[in-house]
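Here is the structure we will look at.
Order of appearance sets the numbers: ligands from 1, and atoms from 1 within every ligand.
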Amino acid sequence: MKQKSDVVIVGGGVNGCSLAYNLAKHDIDVIVVEKKYLSSGATGTCGAGIRQQWSTMENAQLAFKSVKIFEKLSKELGEDIEFRQGGYLIVVHDKKDMKQAEKNLEMQRSLGIKVDILNSKQINDVVSILDVKGMNAIGATFCPTDGHANPFKTTFAYANAARRYGAEIYTHTTVLDIKLNKNKIIDVKTDKGIIKTNTVVNAAGVWSKEVSSMVGIKLPNKPFRKEIMVTERMKPSFEAMVISFKDGIYFSQQQEGQIVGGIPIPEEKGGFKTLPTFSFIQHMSRTLTRYAPVLKHVNMLRHWTGFYDVTPDSRPILGESTKINGFIECNGFSGHGFMLSPMVSKILCDYIAEGKISEILQDLSLERFKDKKIEHEMNVVG
Ligand SMILES: Cc1cc2nc3c(=O)[nH]c(=O)nc-3n(C[C@H](O)[C@H](O)[C@H](O)COP(=O)(O)OP(=O)(O)OC[C@H]3O[C@@H](n4cnc5c(N)ncnc54)[C@H](O)[C@@H]3O)c2cc1C
């Protein structure tokens, strides 16, 4: 193990690996420390959907710019990350939601995002298997450049490219402590040795709270347990991700034909329990077949749990601490950290490499929670 580095990143998920790639490409000496294997956290359990249809400007901007990067990422990294743009169809159930959707659409379009409102009759033009009456839809919004990618392949492609530029990645290595001298970082203690550094990035996902507490910083993040399933393969029937914020359901068909999707479990929200529940199977299959009755002929093969790292306003926490020099947060993604990772890592790299503070970094800093008027992201599945 190297004993010194300019930057140490805690966490080998998609965010840690993409940041390592960007930093190493800028000739910055960087080490990633991952306690298990790459993508073993939320990244390896996620739906890997990529959408630009957000209610807050920062999320929409990050997602829009990330899509531009995703479009060329396989070529840039030299590996196929299976990025596909089948669009996201967001179901609208009532007039109040439609008003909010129209407001969001105006903001999204002002950024250059191509998004449309569909009436109830146009929904089946995009996803023919949906039962518009069964899902109580009055319409939908649709963005054809939304899509998804393979979360494992994306993380490994970033990690492999980072290594080619000189980054070191230590898996099965746990960060135990971070030593300070007053408000300056001195070193990072792992179970395999000590690394001297003045800059640490906390990309530890749902464990970020623990890592921040090593330097005396209290994060407001909470773990939210989620379940997600995959069905057997069926013939290709639709390309879009279907999502409803009211029912909490999301599902899409993979290239090989399986349906992947999830829904919140009605009776459970917080905590670190990993055991999947029968309640999820019931709730998911009832809602899914209400949305697309033809799917009652398809078997669910497997389901698993994962954790959202949720902040009070459902937006990420990014940037350097005002208390500890060189301690940088990259967490709190609240269920949408895969899709934002290409741009988040670019912004953080620009900050670490060149001291560039973008408006997004300021808006998404931990300091925002001191202000009582924080803006909540509305477009989340609960
Ligand atoms: C069911 C589900 C569905 C989702 N669907 C989507 C989706 O469709 N689209 C989307 O954009 N996002 C989705 N997400 C959210 C997304 O998965 C996360 O926001 C994203 O993967 C976070 O990546 P990360 O690299 O920040 O964190 P993680 O992938 O969680 O990585 C953090 C890593 O830090 C490591 N670590 C923690 N503590 C230490 C330590 N002390 N020492 C060393 N290593 C440590 C962990 O082992 C872990 O590998 C979903 C999440 C879930 C659970």
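- Residues satisfying the side chain to side chain donor-acceptor pair (under 3.5 Å) criterion with T145, sequence neighbours excluded, are Q52.
- A distance-only check finds a donor-acceptor pair linking the side chain of S66 to the backbone of M343 [under 3.5 Å].
- Judged by distance alone, the side chains of Q254 and E82 never bring a donor and an acceptor atom under 3.5 Å apart.
- Under the 3.5 Å distance criterion, the side-chain polar atoms of H303 are left unmatched by any main-chain donor or acceptor of F278.
- Between E76 and the options K25, R164, K68, K346, a salt bridge (charged side-chain N to carboxylate O under 4.0 Å, His left out) holds for only K25.
- Residues G257 and Q253 share a closest heavy-atom pair of O-NE2, 3.0 Å.
- Near ligand 1, V10, G11, G12, G13, V14, N15, V33, E34, K35, S40, G41, A42, T43, T45, C46, G47, A48, G49, T173, T174, V175, A203, A204, G205, W207, K226, I228, Y250, G306, F307, Y308, F333, G335, H336, G337, F338, M339 each place a heavy atom less than 4.0 angstrom from the ligand.
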